[in-house]
Amino acid sequence: MEYRKIKDEDDEDRVAPVEDNIDNKSFLISVPDNSNLLGETKIDTHRTKVQWKRKSVVTLSLTILTSSQAILIVWSKRAGKYEYSVTTANFLVETLKCAISLLALARLWNKQGVTDDNRLTTTLNEVIVYPIPAVLYLIKNLLQYYIFAYVDAPGYQILKNFNIISTGVLYRIILKKRLSEIQWAAFILLTAGCTTAQLNSNSDHVLQTPFQGWVMAIVMALLSGFAGVYTEAIIKKRPSRDINVQNFWLYIFGMGFNAVAILVQDFDAVMNKGFFHGYSFVTVLMIFNHALSGIAVSMVMKYADNIVKVYSTSVAMILTAIVSVFLFGFHLSLAFFLGTIVVSVAIYLHSAGKIQR
């Protein structure tokens, strides 16, 4: 009995450590290692902060560039006229864009090397399509200067939203893309908002902008819409091709056509007075503004979303009006304010309809 009892106790003493070991092992296995989770959480938080900061910078940049575009053009006038050659200014805008594209490519080549998708050498079939949008942008950009003989800066900021309608309709006709009912309603609302903003209660004329201004605004919208749709079709034809290469060739043709415009329109003035005659600090700011605006839009597409563009456009219309009150004595009427709100809502609805589709 004593021997069996001792033996049983012995057995229990031998088994107990095994059970303890098993329990200990189970306990150790069941405890998760939170260090990796904490590390991943910190990385996600840091990434979110970086994205938020980048999005904020892009939004602010696009808003400032968009709102100051029309103001700088009007401000660059002296006694109601451009003392500089608008064709030379347009040429410098294309040159600056081309230089920025080359700098972006040089940075890419330094990191990834030269590949088939980012090399500048190309075929005639690929390059031959760029002259069409280059010519369209040339005409549209030149009209951008002359429209201010009929419209003020806030009015231009409102009327240029017509390119949303032209782009949407051309998308439907050329690219066969279906537009949602919300988008069609947004087009009607946009037209109503632009008209409301132009109502003039202090004159015999119903609208502030004369007929010539409306015609030029519509022509500019059609040119901008067709050029944008055509350029998108070119880009999507070879999606693997680096966007900076495609922009480079577009800007090269833009420089070429603007050089022809200088020869045709301002050759004598440039030869007699000089290429930079009449340029001021405001003119230089305007050139940089035009060049950087296109880059800001591409940054929005890459780092932000369409809502950012809607927000920037809406705020830019209001900022342009407020600044014009102090710089040019613009009268901020109730009709303009209401029209701006209607246009902003229309742009938002168009964006929402695009997302839903």
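Scanning all heavy atoms of the two residues, the minimum distance from Lys140 to Ser224 falls at CE-CB, 4.2 Å. Nearest heavy atom pair, residue Tyr145 against residue Ala89, reads OH-CB, 3.9 Å. In terms of heavy atoms, Asn161 sits closest to Leu190 at O-CD2, 3.2 Å. Heavy atoms only, all atoms of each residue included: Leu65 and Ser293 are closest at CB-OG, 3.8 Å. Shortest non-hydrogen contact noted between Gly254 and Ala134 is N-CB, 3.9 Å. Taking both residues in full, the closest heavy atoms of Ile71 and Ser324 are given as CG1-OG, 4.3 Å, listed atom of the first, atom of the second, then distance.
Taking CG of Asn258 as the reference point, atom CG of Leu138 lies at 5.0 Å (rounded to 0.5 Å). To the nearest 0.5 angstrom, Ile139 atom CD1 is 6.0 Å from Leu223 atom CG. The distance from atom CD1 of Ile165 to atom CD1 of Ile218, rounded to the nearest 0.5 Å, is 9.0 Å. Of the inter-residue distances, the one linking His277 atom NE2 with Ser85 atom OG reads 10.0 Å to the nearest 0.5 angstrom. Interatomic distance, Leu263 CG to Thr87 OG1, rounded to the nearest 0.5 Å: 9.0 Å. Interatomic distance, Phe330 CZ to Thr320 OG1, rounded to the nearest 0.5 Å: 10.0 Å.
Tyr156 and Gln144 form a side-chain donor-acceptor contact under 3.5 Å, judged by distance and modelled atom types alone. Side-chain contact check for Ser101 and Asn247: no donor-acceptor pair (N or O, by modelled atom type) lies under 3.5 Å. A donor-acceptor pair shorter than 3.5 Å cannot be found between the side chains of Ser76 and Tyr82.
Cluster annotation: Tyr84 is connected to Phe281 through the hydrophobic network of ILVMFWY side chains, with a link wherever side-chain heavy atoms come within less than 4.5 Å. Follow the hydrophobic side-chain contacts under 4.5 Å out from Met271 and you never reach Ile262; the two are in separate clusters. Leu222 and Val135 are not part of a single hydrophobic cluster, where members link through side-chain heavy atoms under 4.5 Å apart. A single hydrophobic cluster is seen to contain both Met216 and Val151, as judged by linkage of ILVMFWY side chains at heavy-atom distances under 4.5 Å, directly or through other members. When the side chains of ILVMFWY residues are joined at heavy-atom separations under 4.5 Å, either directly or via intervening members, Tyr251 and Leu103 end up in two distinct hydrophobic clusters.
At least one donor-acceptor pair under 3.5 Å links the side chain of Ser67 to the backbone N or O of Ile64. No side-chain donor-acceptor contact under 3.5 Å links Asn163 to the backbone of Ala217. Asn272 places a side-chain N or O within 3.5 Å of a backbone atom of Asp268 that can act as its donor or acceptor partner.
No side-chain heavy atom of Gln112 sits under 4.5 Å from any side-chain heavy atom of Asp242. Annotation: side chain of Asp266 is not in contact with side chain of Thr88 (no heavy-atom distance under 4.5 Å). Counting heavy atoms from C-beta outward, Ile100 and Lys97 have side chains that stay 4.5 Å or more apart. Looking at heavy atoms from C-beta onward, His290 lies out of side-chain contact with Leu96 at the 4.5 angstrom threshold. Put simply, the side chain of Ile188 does not reach to within 4.5 Å of the side chain of Trp184, judged on heavy atoms. Counting heavy atoms from C-beta on, the side chains of Ile147 and Leu143 never come closer than 4.5 Å. Met317 places a side-chain heavy atom less than 4.5 Å from the side chain of Ile158. Side-chain contact between Arg78 and Ser280: present, with at least one pair of heavy atoms (C-beta onward) separated by less than 4.5 Å.
Using cut-offs of 30° and 60° on the angle between ring planes, the pair Phe253 and Trp249 is tilted.
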Checklist entry - Under the side-chain contact (heavy atoms from CB on, under 4.5 Å) criterion, do Phe91 and Val260 qualify, and how do the steps go? => result CA-CA 10 Å; Phe91 176 82; Val260 173; over 6 Å; no
Checklist entry - When you look at Thr66 and Gln157, which way does the side-chain contact (heavy atoms from CB on, under 4.5 Å) test go after all the steps? => result CA-CA 9 Å; Thr66 305; Gln157 202 74 340; 3.5 Å; yes
Item to check | Criterion side-chain contact (heavy atoms from CB on, under 4.5 Å) on Thr340 and Phe336, from CA distance to verdict | outcome: CA-CA 6 Å; Thr340 302; Phe336 182 87; 3.5 Å; yes
Next on the checklist: Is there a side-chain contact (heavy atoms from CB on, under 4.5 Å) between Tyr146 and Gln212? Walk through the geometry before answering.
Outcome noted: CA-CA 11 Å; Tyr146 298 118; Gln212 298 95 319; over 6 Å; no
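Every side chain to side chain contact (heavy atoms under 4.5 Å, CB included) that Val74 has, sequence neighbours left out, goes to Phe148, Ala153, Phe328.
Taking a cutoff of 4.0 Å between a charged side-chain nitrogen and a carboxylate oxygen, Arg241 and Glu126 qualify as a salt bridge.
Between Trp214 and Phe211, the distance separating the two ring centers is not shorter than 6.0 angstrom. When ring centroids are compared, Phe276 and Tyr279 come within the 6.0 Å threshold.
In this structure, Arg119 places its CZ atom where more than 12 heavy-atom neighbours from other residues, nucleotides or ligands lie under 6.0 Å away. Within a 6.0 Å sphere centred on CZ of Phe288, other residues, nucleotides and ligands contribute 12 heavy atoms or fewer.
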